Structure formats: structure tokens, C-alpha cells
Amino acid sequence: QVQLVESGGGLVQPGGSLRLSCAASGSILSINAMGWYRQAPGRERELVARITGTGSTNYADSVKGRFTISRDNAKSTVYLQMNSLKPEDTAVYYCNAVVLSAGYLYPRDYWGQGTQVTVSS
């Protein structure tokens, strides 16, 4: 099995910064894309940022220029640096990874438990 453990959420004032981390562990053979999604109350889960195994990235328009996704393949970890945070960034942030694990022929989607980010004065 594969587990994703997130950390780094919390309460921050508008204009502030936070850094989220997500570490994958378990019977991992390889990790393809990794990404961050978020879900605000009453809204659907949406993609925030995604990074492929080769380092290509894509971002939601609402976070371009403010958020940066990166990964450390040696640590099986993905990061999300969030700057210039706005109240509308408030949501539960979920880590996602597409992982080929032992016992499976094809990669599968795995999700973290979610971490709360609240932007408020």
C-alpha cells in the first residue's frame, strides 16, 4: 500500500505565505505525476498545481504567479509554496500522486488526508 502524509497547513493573514509538504511512502516502484488539489466549503475539489515526473508543471489560473509546486524525487515528496495568500485560498488542500506500487500492473491514484489552510485577518 501507499500512504501520502501532508503537513504545513494552518492559519495565515492575507498576504502571508505557507509551505505545504506531502511525503509518499509504502511499496512504491515509481511515482508519475504529483499534485495539489483543494476544496472549499460548498465547492467541488479543484486542481491547484501539478508536476510530472520530468518536472513539467501546470497551475490553476487563480494561483499562477503566487504558488510554486516542486518535488524531491529522492524523498518522494511534493511541496507547494504559497505566497501572497488571499482569503479565497481558504480550503482543505489534498495531495495527489499517481503511483506504480508493488503488486499492480498500472499506476493508481492516491490521496492524502487533507490539510486545512485558512487565510484570514
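Remember, predicted model here, so these are calculated numbers, not experimental data. Numbering starts at 1 and runs along the sequence shown.
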Give the minimum heavy-atom separation between [X] and [Y], together with the two atoms involved.
X	Y	answer
Asn32	Pro107	ND2-CG, 3.5 Å
Cys95	Leu4	O-CD1, 3.8 Å
Ile51	Ser70	CD1-CA, 4.1 Å
Gln116	Ala91	NE2-O, 3.4 Å
Ser121	Pro14	N-CD, 3.7 Å
Met34	Ser76	CE-O, 4.0 Å

Could you tell me if [Y] and [X] have a donor-acceptor pair between their side chains, going purely by distance under 3.5 Å?
X	Y	answer
Ser17	Asn83	yes
Arg108	Tyr110	yes
Thr118	Ser120	no

Ignoring hydrogens and angles, tell me if any N or O in the side chain of [X] forms a donor-acceptor pair with the backbone of [Y] under 3.5 Å.
X	Y	answer
Arg45	Tyr93	no
Ser101	Ile28	no
Tyr59	Ile69	yes
Glu6	Gly114	yes

Salt bridge Lys86-Asp89, side-chain N to carboxylate O under 4.0 Å
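No.
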Can you list the steps and then say if Arg38 with Val63 is a side chain to side chain contact (heavy atoms under 4.5 Å, CB included)?
CA-CA 12 Å; Arg38 67 186 181 187; Val63 307; 4.0 Å; yes
Spacing of [X] atom [atom1] and [Y] atom [atom2] [to the nearest 0.5 Å]:
X	Y	atom1	atom2	result
Arg50	Ser56	CZ	OG	10.0 Å
Gln81	Arg66	CD	CZ	12.0 Å
Ser27	Leu100	OG	CG	11.0 Å
Arg71	Thr52	CZ	OG1	7.0 Å

Residue pair Arg19 / Leu80, side-chain heavy-atom distance below 4.5 Å:
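When only atoms from C-beta onward are counted, Leu80 and Arg19 do not touch, as no gap falls below 4.5 Å.
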Are any non-hydrogen side-chain atoms of Tyr79 and Thr68 less than 4.5 angstrom apart?
no
Does Asn96 form a side chain to side chain contact (heavy atoms under 4.5 Å, CB included) with Val78? I'd like the steps, not just the answer.
CA-CA 9 Å; Asn96 169 264; Val78 63; over 6 Å; no
Same cluster for Val117 and Val92 if Ile/Leu/Val/Met/Phe/Trp/Tyr side chains link at under 4.5 Å?
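Different clusters.
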Tyr94 with Trp36, same ILVMFWY side-chain cluster at under 4.5 Å:
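No, Tyr94 and Trp36 fall in different hydrophobic clusters.
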Distance flag, aromatic centroids of Tyr37 and Trp111, threshold under 6.0 Å:
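Judged by ring-centre distance (under 6.0 Å), Trp111 and Tyr37 do meet the cut-off.
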Leu85 and Leu18: CA distance, side-chain angles, deciding distance, side chain to side chain contact (heavy atoms under 4.5 Å, CB included) verdict
CA-CA 8 Å; Leu85 282 161; Leu18 282 175; 4.2 Å; yes
More than 12 foreign heavy atoms under 6.0 Å from CD of Glu44: is that the case here?
no
Quick one, Val48 with Phe67, criterion side chain to side chain contact (heavy atoms under 4.5 Å, CB included). Give me CA distance, side-chain angles, the key distance, then yes/no.
CA-CA 9 Å; Val48 176; Phe67 291 10; 3.7 Å; yes
